[in-house]
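Nothing fancy with the numbering, it's 1 onward along the sequence.
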Amino acid sequence: IIPVIIAFGGCSPSHSPDYNTCVLEVLRGYPLDGSFGYHWPKEGTWEGTTQDIVYDGVTLCTGDPQRRSFCCGLTYEVFFKAWERYDASRGRAFRIKGLTPGDLHEVRLRWFGDSHTGERRRLLQVAIESMGLGRSIPVEEAQAGDFIQFWRHNGSGHSAIFINWVYEQGRLAGVTYWSTQGPTKGIGFRTEPINEKEGVKPDELYLARILPE
């Protein structure tokens, strides 16, 4: 599997970009040099974001002083920052579908798998759909800037921003994404293989798209 070189366009207010474009622009603001490291604590209540997430004066997540993050925390952070950018590009106040800070706390719990919904596999899809933030996306409709969660044959899972699929001889063979993970020493792009025996499981690719309007 050969990773794809990614180039993003700008998210200019004059062009009223769609939400996915704003997601990709937000990604450009994070360094890829390892200074925003990966950290996955085995216990505790750390939210895993690189910065404070504040909505209507309420702190939903407290940023790590060392700018570290884990995958669920980072993707939640991007969801939040991209929506803020999206509203700003339209010259309007930052509001996430009229949700309250308490609602957005529940979004985070479902996003992370810490709520009582009972869902443990499709966390991003459940969080986004059940809170009225967007919809699930089938594999064939995926676009850069969608949110993706997947599970591997070794039992581990990941939360990320989808970039593109990798095909070999017409067969889906890999996924390129942006997130934070050990192999990239923190925030970065990575390509992983998809197959029936190792790597990412082809039947556990869960995508969702945020739809602000």
Side-chain angles (χ1 to χ4, degrees), residues 18-24 26-27 30 38-41 44-56 58-64 69-87 94-139 141-152 155-163 175 177-181 187 200-201 203-213:
D18 64 18
Y19 181 85
N20 279 36
T21 299
C22 290
V23 168
L24 299 177
V26 166
L27 304 193
Y30 292 89
Y38 172 74
H39 180 55
W40 180 250
T45 59
W46 182 58
E47 290 100 347
T49 59
T50 72
Q51 59 189 268
D52 291 353
I53 304 299
V54 181
Y55 186 72
D56 271 0
V58 176
T59 300
L60 301 175
C61 299
T62 301
D64 183 69
S69 61
F70 54 68
C71 63
C72 296
L74 183 62
T75 50
Y76 180 78
E77 180 177 318
V78 170
F79 146 71
F80 194 88
K81 292 179 64 178
W83 201 305
E84 189 171 25
R85 182 180 290 267
Y86 179 88
D87 280 346
F94 174 39
R95 297 299 306 175
I96 299 180
K97 291 263 177 129
L99 299 185
T100 66
D103 294 330
L104 287 167
H105 174 70
E106 180 60 27
V107 171
R108 185 181 72 79
L109 292 179
R110 298 182 188 189
W111 197 290
F112 287 34
D114 293 333
S115 75
H116 298 292
T117 63
E119 177 59 59
R120 299 297 301 172
R121 307 300 285 185
R122 300 186 307 110
L123 302 178
L124 283 177
Q125 286 185 341
V126 168
I128 290 169
E129 285 191 317
S130 66
M131 299 300 289
L133 300 171
R135 66 181 180 90
S136 297
I137 298 295
V139 167
E141 294 181 16
Q143 298 176 5
D146 287 337
F147 290 81
I148 184 171
Q149 181 187 9
F150 56 81
W151 297 91
R152 305 181 182 95
S156 65
H158 207 28
S159 177
I161 307 299
F162 174 79
I163 301 300
V175 57
Y177 60 81
W178 177 99
S179 190
T180 181
Q181 49 276 321
I187 294 175
V200 176
K201 301 171 70 174
D203 61 341
E204 288 207 88
L205 295 162
Y206 303 117
L207 292 117
R209 182 172 301 157
I210 300 292
L211 300 170
E213 305 298 341

Supply the atom-to-atom distance Trp83 CH2 to Ile96 CD1, rounded to the nearest 0.5 angstrom. 6.0 Å

Ring centroids only, cut at 6.0 angstrom: are His39 and Trp46 within range, meaning strictly under it? yes

Centroid-centroid distance, Tyr206 to Phe147, less than 6.0 Å: no

Hits for side chain to side chain contact (heavy atoms under 4.5 Å, CB included) against Val54, two or more places apart or cross-chain, chain-then-number order -> Asp52, Thr59

Does the side chain of Gln149 pick up a donor-acceptor pair with the side chain of His158 at under 3.5 Å? no

Output, in order, the C-alpha distance, side-chain angles, deciding distance and verdict of salt bridge (charged side-chain N to carboxylate O under 4.0 Å, His left out) for Glu141 and Arg135. CA-CA 12 Å; Glu141 294 181 16; Arg135 66 181 180 90; 3.7 Å; yes

Under 30°, 30 to 60°, or over 60°: which ring-plane class applies to Phe80 and Phe94, parallel, tilted or perpendicular? perpendicular

Only counting residues at least two apart or in another chain, list the ones meeting salt bridge (Lys or Arg N to Asp or Glu O under 4.0 Å) with Asp56. Arg95

Taking the side chain as everything from C-beta on, heavy atoms only, tell me whether Tyr19 gets closer than 4.5 Å to Arg209. no

By salt bridge (Lys or Arg N to Asp or Glu O under 4.0 Å), Arg108 pairs with (sequence neighbours left out) none

So, do Val58 and Leu104 sit near enough that their side-chain heavy atoms are less than 4.5 Å apart? no

Tell me, do Thr50 and Leu74 make a side-chain contact under 4.5 Å, heavy atoms counted? yes

Pro212 and Lys97: which non-hydrogen atoms are nearest, and at how many Å? O-CE, 3.1 Å

By salt bridge (Lys or Arg N to Asp or Glu O under 4.0 Å) - contacts of Glu204 (at least two apart): Arg121, Lys201

If we ignore hydrogens and angles and just use 3.5 Å, is the side chain of Lys81 paired with the main-chain N or O of Val26 as donor and acceptor? no

Taking Phe70 as the fixed residue, which of Trp111, Tyr38, Phe112 is the one that meets the ring-ring contact (aromatic ring centres under 6.0 Å, His included) rule? Phe112

d(Leu99 CG, His105 NE2) to nearest 0.5 Å is 13.5 Å

Would you name the heavy atoms of Phe162 and Ala142 that are closest together and state the gap between them? CE2-CB, 3.6 Å

Positive for side-chain contact (heavy atoms from CB on, under 4.5 Å) with Ile163, one of Ile148, Leu24, Asp146: Leu24

Side chains of Leu133 and Leu211: closer than 4.5 Å at any heavy-atom pair? no

Distance, nearest 0.5 Å, that separates OG1 of Thr180 from CH2 of Trp40: 11.5 Å

With sequence neighbours excluded, what pairs up with Ser156 under the side-chain hydrogen bond (donor to acceptor under 3.5 Å, both in side chains) test? Arg152, Asn154

Who passes salt bridge (Lys or Arg N to Asp or Glu O under 4.0 Å) against Glu47, sequence neighbours left out? none

Point-to-point distance, once rounded to the nearest 0.5 Å, from SG of Cys22 to CG of Asp87: 9.0 Å

Can you measure from CZ (Arg122) to CG (Leu205) and round to the nearest 0.5 angstrom? 13.5 Å

Look at the rings of Tyr76 and Phe79 and say which category their plane angle falls in: under 30° parallel, 30 to 60° tilted, over 60° perpendicular. tilted

Compute whether any side-chain donor of one residue and acceptor of the other, for Ser159 and Thr75, lie under 3.5 angstrom apart. yes

In the structure I gave you, are the side-chain heavy atoms of Leu123 and Arg110 within less than 4.5 Å of one another anywhere? no

Using a distance-only test with no angle check, is there a side-chain donor-acceptor pair under 3.5 angstrom linking Glu77 and Tyr30? yes

From Ile187 CD1 over to Cys71 SG, what is the distance, rounded to the nearest 0.5 angstrom? 12.0 Å

So which atom in Val23 and which in Ala82 form the shortest heavy-atom distance, rounded to 0.1 Å? CG2-CB, 3.6 Å

For Gly145 and Asn20 the tightest heavy-atom approach is C-ND2, 3.4 Å

